[in-house]
Amino acid sequence: MRRARPAATGQESTFRVSDLFFSRTDTKGRILSGNDVFARVSGYPREELLGAPHNIVRHPAMPRSVFALVWDRLLAGLQISAYTVNLAADGSHYWVLTSMRPVTGGYLSIRQKPCHPELFATVQAIYADVLATEQAAEAAGASTSEIIAAGTARLGELLAEAGFADYEVFMGQLLPAEVAARTEVMQAAEEQFRASGRPDRRGAALRSAELGREYAEVSDALLALVHRIDMFESYSTQLADQSAYVRELARKIYLFSLQTALLGHQLGERAAGVSAVAELVKDGVGGILAAADPLTEVIDKIRATLGALAYSVAASKLEVDALRVFVTELIRDKPSDPILIDDLGLLAEGISDDVQTTGRRLAELRDLMPDLRVPLSRLEGLLREMDALTFNGRVECSRIDDRADAVKLFAQIRGLVREADKRLSGVDNFSEMIAAAAREGQTIERTVQALVRRIAETCRARSSPEESLASPSLSRTSETPA
């Protein structure tokens, strides 16, 4: 008989940054497997978790609409990442960042400790607001579907206020930021761990399973991509800023040209040349705005692709980190556990899928670079023409006596044009970085294929009664960093 759901105590359970939860459910959400960390932190014995609905750890402070969002994406065959607060067996709670994906026969979930304070605090505040909205709807007698709809609408409003168009856009920032923050903590901890001279149990487990070389190559390559994503995002933000800047530039040039034309009109026939140049400058603004439209369109595509790329890279990195934890538990487990072996195979499939997605996204980015270059080249040409016009304007100003104001206006326009030209430079560097990353993506795919083959061999060997991957030097107690 299953125990009664505990009452929430308000106490928080803690766990280490190095701890990664791993579990798998069937299509109905019943737990098929779970690792040692899940059992330890939740406070439930593994035998009690197996077969139980995953909502055994559901905390009453979690908005229903968030779970509805999770199920909507999973049922659509999509991955999702979300912060969740869970209820332990003793009534305490613990927060995790959960990343879930559909797998054969159900869903696989990897959970880490939240490591990005700003995003975590933002979401905690959003959840509290959404929960209050749902509770108000419930108090008003709303049905379950109406409660979820109210919570979903409020969640969308709050995400928009925080600068995210929808949850998918938010998720594209959430997982990469959290994985990068965790990676930074883990790297520092591992450096300390190596300096301590203590034995690396997880590294020994990987070597025992003959996964060490492939694992290290994939992990290092994904780590390099995680760092590259930050640079890509920086360039992407600069591109978006430049697109907005071009429109503002056109507006300013148009206003200056109007002022110059008005001044020419006031000066009369002797400033006819100044007025003519001012009209040409004003007409040129239309060309700049026309070039800005396709530029903005391509930049939006690049940013969307970068968001999807960042998510797939982060998901791959998290899964590879989980692989290290998972293999350690599998190696220590005697006798062979077919459920754990199945989990290992499904985890390998997940890594392979995400790395292939990463390769496709990198190729898409590479193919978008020529599309970016076309409107930029057009814009650069228009800016050169505008620069020449301002020079002609200053020449025309030299033909009149009271020219100071007109000279100043043309100088301001020329300054804007030259500043824009500087700000639009650097795209070639971005293109080269994307091309290099795309080549690295192909290399990572090949390395992951080797890792997946090695894992398949490990699973077959582990399933065989004649073979054992267990190492007599590995004890049940694992010494790990962080």
Side-chain angles (χ1 to χ4, degrees), residues 3 12-25 30-54 56-57 84 86-90 92-100 103 106-115 182 185-186 189-190 193 198-209 211 215 318-348 350-351 455 458-459 462 468-482:
R3 73 174 81 183
E12 184 171 7
S13 294
T14 60
F15 55 96
R16 301 169 300 183
V17 172
S18 60
D19 287 333
L20 287 176
F21 298 60
F22 184 97
S23 62
R24 180 165 56 98
T25 67
R30 290 185 294 265
I31 299 171
L32 299 177
S33 66
N35 70 341
D36 290 349
V37 176
F38 183 24
R40 168 166 55 82
V41 180
S42 71
Y44 289 97
R46 184 175 291 181
E47 56 270 18
E48 192 171 345
L49 287 171
L50 297 182
H54 208 288
I56 190 175
V57 294
T84 58
N86 292 336
L87 184 66
D90 63 359
S92 62
H93 68 271
Y94 57 96
W95 281 91
V96 292
L97 173 68
T98 304
S99 293
M100 290 160 278
V103 295
Y107 308 104
L108 183 150
S109 171
I110 299 173
R111 302 179 289 286
Q112 70 164 68
K113 187 180 184 71
C115 294
R182 179 180 185 274
V185 173
M186 289 299 298
E190 286 178 1
F193 184 78
R198 287 182 290 164
D200 180 5
R201 304 290 187 184
R202 289 181 178 172
L206 288 165
R207 290 190 295 275
S208 178
L211 298 172
Y215 169 86
L318 184 61
E319 287 160 350
V320 168
D321 288 350
L323 175 66
R324 184 180 182 187
V325 176
F326 192 89
V327 169
T328 303
E329 293 191 15
L330 179 62
I331 292 296
R332 293 181 323 197
D333 194 55
K334 301 178 188 178
S336 300
D337 185 336
I339 295 177
L340 286 177
I341 293 170
D342 286 345
D343 287 346
L344 180 59
L346 291 169
L347 179 58
I351 295 170
I455 290 172
T458 296
C459 291
R462 188 68 172 172
S468 173
L469 294 172
S471 168
S473 64
L474 296 176
S475 65
R476 189 70 182 171
T477 303
S478 174
E479 292 186 49
T480 57

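Residues: numbered from 1 along the sequence shown.
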### Task
For Ser99 and Arg111, run side-chain contact (heavy atoms from CB on, under 4.5 Å): C-alpha distance rounded to whole Å, both residues' side-chain angles, the deciding distance at 0.1 Å, then the answer.
CA-CA 6 Å; Ser99 293; Arg111 302 179 289 286; over 6 Å; no

Q. Cut-off 3.5 Å, side chains only: do Thr84 and Thr98 have a donor facing an acceptor?
A.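 Judged by distance alone, the side chains do pair up.
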
Drop me the distance from [X]'s [atom1] to [Y]'s [atom2], to the nearest 0.5 angstrom.
X: Arg16; Y: Gln112; atom1: CZ; atom2: CD; value: 15.0 Å
X: Ile56; Y: Ser42; atom1: CD1; atom2: OG; value: 7.5 Å
X: His93; Y: Ser13; atom1: NE2; atom2: OG; value: 8.0 Å
X: Phe22; Y: Leu344; atom1: CZ; atom2: CG; value: 8.0 Å
X: Ile110; Y: Leu318; atom1: CD1; atom2: CG; value: 5.0 Å

Looking at every heavy atom in both [X] and [Y], which two are closest together, and how far apart are they?
X: Pro114; Y: Val96; value: CD-CA, 3.9 Å
X: His54; Y: Ser23; value: NE2-OG, 3.4 Å
X: Leu347; Y: Leu108; value: N-CD1, 4.0 Å
X: Phe38; Y: Phe21; value: CA-CD2, 3.6 Å

Exercise for review: Flag the pair Leu20 / Val37 as yes when at least one side-chain heavy-atom distance between them is below 4.5 Å, and no otherwise.
Suggested key: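 Leu20 vs Val37: side chains apart.
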
On the ring face of Tyr107, is Arg24 found with NZ or CZ under 6.0 Å from the centre and within 45° of the axis?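 Not satisfied by the 6.0 Å and 45° rule.
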
Under the 3.5 angstrom rule, does the side chain of [X] hit a backbone N or O of [Y] as a donor-acceptor pair?
X: Lys113; Y: Phe15; answer: yes
X: Arg182; Y: Val17; answer: yes
X: Ser92; Y: Ala88; answer: no

Ion pair Asp19/Arg40, N-O distance below 4.0 Å =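 Here Asp19 pairs with Arg40 in a salt bridge, since their nearest N and O are under 4.0 Å apart.
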
With sequence neighbours excluded, residues passing side-chain hydrogen bond (donor to acceptor under 3.5 Å, both in side chains) with Asn86: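 For Asn86 there are no side-chain hydrogen bond (donor to acceptor under 3.5 Å, both in side chains) partners, ignoring immediate neighbours.
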
Which residues pass the side-chain hydrogen bond (donor to acceptor under 3.5 Å, both in side chains) test with Thr25, not counting sequence neighbours?
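So Thr25 forms no side-chain hydrogen bond (donor to acceptor under 3.5 Å, both in side chains) with any residue.
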
